Amino acid sequence: MSARHFLVLNGPNLNLLGTREPGIYGATTLEDIVAGLEAQAASADPPATIIALQSNHEGELVDAIQVHGSRSNAIIINPGALSHYSIAIRDAISGVGTPAIEVHISNIHAREVFRHHSVISAIARGQVVGLGVDGYRLALDFCLAHY
Ligand code: CA2
């Protein structure tokens, strides 16, 4: 059994990836993204495992952070629209004290003004923004190197 675990969380509507709005979010499905991350983690030295969860419900994400985040080496999270207003997710990440990398597929700074601010970013270890679904792989690369 691997000694390293990374929690990958995706928030509301990210289950639709690859099925709609490919111009903004690309053509890759969330299932494909998770499969890629699992393979990346398994082939790392030392190897790691991924716990991946997507939810359209804020409370489920908070529960996952409390239960799995506390036992993980790091959290990779795309909170979706919750990024812009969920103090509950921010408090959950701060509460477990596990380093979190915030990922956004699109460049939130080049979109509507209400997307420019993330309430998560100030407590995140860092962000990967606007690099498409590659952002997840880059975030995991960082986690595998540092945690
Ligand atoms: O760019 C990102 O990753 C976002 O977190 C995506 C959120 C958006 O509310 C944030 O401002 C930025 C929305 C996710 C919706 O995902 C969809 C995927 C395919 C089709 C429709 C929605």
Side-chain angles (χ1 to χ4, degrees), residues 4-42 44 48-147:
R4 298 198 291 171
H5 309 279
F6 297 103
L7 176 62
V8 177
L9 288 179
N10 279 280
N13 296 307
L14 287 155
N15 54 312
L16 299 177
L17 279 177
T19 66
R20 289 176 215 166
E21 302 200 57
I24 302 176
Y25 298 115
T28 311
T29 65
L30 185 57
E31 199 179 7
D32 289 340
I33 293 168
V34 170
L37 295 176
E38 284 170 347
Q40 184 183 349
T49 55
I50 299 292
I51 298 169
L53 184 138
Q54 184 277 330
S55 179
N56 293 328
H57 306 280
E58 184 180 30
E60 273 186 18
L61 294 163
V62 169
D63 287 345
I65 293 165
Q66 289 185 9
V67 173
H68 300 294
S70 55
R71 302 183 206 139
S72 299
N73 294 67
I75 301 168
I76 294 170
I77 181 166
N78 182 346
L82 292 168
S83 315
H84 312 300
Y85 63 88
S86 178
I87 309 299
I89 289 181
R90 175 187 168 125
D91 286 348
I93 294 169
S94 294
V96 295
T98 304
I101 314 294
E102 181 181 358
V103 172
H104 293 288
I105 297 165
S106 64
N107 181 355
I108 54 175
H109 305 291
R111 300 184 64 191
E112 301 95 327
V113 170
F114 65 82
R115 295 187 203 275
H116 293 186
H117 182 68
S118 161
V119 299
I120 311 298
S121 52
I123 55 97
R125 172 65 182 77
Q127 292 174 293
V128 186
V129 173
L131 301 184
V133 298
D134 286 348
Y136 292 95
R137 175 176 53 78
L138 296 168
L140 182 56
D141 257 346
F142 181 87
C143 290
L144 290 167
H146 294 274
Y147 300 117

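Just follow the structure's listing: the first ligand is 1, and inside any ligand the first atom is 1. Nothing here was measured: the structure is a model prediction, and the numbers come from that model. Sequence positions, counted from 1, serve as the residue numbers for this chain. Values below: every heavy atom of this structure, side chains too, minus hydrogens, waters and symmetry copies.
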Once you measure the plane-to-plane angle for His109 and His116, does it fall in the parallel (<30°), tilted (30-60°) or perpendicular (>60°) bin? tilted
Please confirm whether the backbone N or O of Gly130 pairs with a side-chain atom of Ser106, one donor and one acceptor, at under 3.5 Å? no
Contacts under 3.5 angstrom, residues 132-144 side chains, donor-acceptor by atom type, not counting sequence neighbours:
residue: Tyr136; atom: OH; partner: Asn10; partner atom: OD1; Å: 2.5
residue: Tyr136; atom: OH; partner: Asn78; partner atom: ND2; Å: 3.2
residue: Asp141; atom: OD1; partner: Gln40; partner atom: NE2; Å: 3.3

Write out each pair where an N or O from ligand 1 and one from the protein are under 3.5 Å apart, with the distance.
residue: ligand 1; atom: 1 (O); partner: Ile105; partner atom: N; Å: 3.3
residue: ligand 1; atom: 1 (O); partner: Ser106; partner atom: N; Å: 2.8
residue: ligand 1; atom: 1 (O); partner: Ser106; partner atom: OG; Å: 2.5
residue: ligand 1; atom: 3 (O); partner: Asn78; partner atom: ND2; Å: 2.8
residue: ligand 1; atom: 3 (O); partner: Ile105; partner atom: N; Å: 2.7
residue: ligand 1; atom: 5 (O); partner: Asn78; partner atom: OD1; Å: 2.8
residue: ligand 1; atom: 5 (O); partner: His104; partner atom: ND1; Å: 2.9
residue: ligand 1; atom: 9 (O); partner: Ala81; partner atom: N; Å: 3.3
residue: ligand 1; atom: 9 (O); partner: Arg115; partner atom: NH1; Å: 2.9
residue: ligand 1; atom: 11 (O); partner: His84; partner atom: NE2; Å: 2.7
residue: ligand 1; atom: 11 (O); partner: Arg115; partner atom: NH1; Å: 2.9
residue: ligand 1; atom: 16 (O); partner: Asn13; partner atom: O; Å: 3.4

When rounded to the nearest 0.5 angstrom, what is the spacing between CD in Gln127 and CD in Glu102? 4.5 Å
What's the verdict on side chain to side chain contact (heavy atoms under 4.5 Å, CB included) for Arg71 and Val67, showing C-alpha distance, side-chain angles and the deciding distance? CA-CA 7 Å; Arg71 302 183 206 139; Val67 173; 3.7 Å; yes
Keeping the roles fixed (side chain from Asn56, backbone from Asn13), state whether a donor-acceptor pair exists under 3.5 Å. yes
